[in-house]
Amino acid sequence: MPRDGRFKTGQVCPASGVYGFAGHVDASVTDEPTPAEREIPLAPRGKRANQVRPGNSVVRGCERFPPLRSTGTAVWWVLRSFA
């Protein structure tokens, strides 16, 4: 895990869990995520092909941290809980 606990869009997911939005990589971007984008389930590749949680994003393949779906911007993610 990184020292500050954050993962950037495009990095490989290291552990199964629920990850939460922790800010934009470009600090000048002020767009807020939609409620469904605030937390997303992820797992290392091959562990869970499709994980769906009510009200949250669907992440297929689960190998890399995604950008915000609504804006396409790179963001930071933090692990909220292990799955």
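All values reported here derive from a predicted model rather than from experimental measurement.
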Exactly one of Phe21, Phe7, Phe65 should register a side-chain contact (heavy atoms from CB on, under 4.5 Å) with Val75. Which one does? Phe21
Provide the closest heavy-atom pair for Ala74 versus Pro67 in the form atom of the first, atom of the second, distance. N-CB, 4.5 Å
Approximate separation, where rounding is to 0.5 Å, of Trp77 CH2 and Leu42 CG: 7.5 Å
Same cluster for Phe82 and Val78 if Ile/Leu/Val/Met/Phe/Trp/Tyr side chains link at under 4.5 Å? no
Taking every heavy atom of Arg38 against every heavy atom of Pro33, the minimum-distance pair comes out as NH1-CG, 3.6 Å
Has Glu39 got a side-chain atom pairing as donor or acceptor with Val18's backbone, closer than 3.5 angstrom? no
Measure the spacing between NZ of Lys8 and CZ of Arg64 and express it to the nearest 0.5 Å. 12.5 Å
Is there a path from Trp76 to Leu68 through hydrophobic residues (I, L, V, M, F, W, Y) whose side chains come within less than 4.5 Å of each other? no
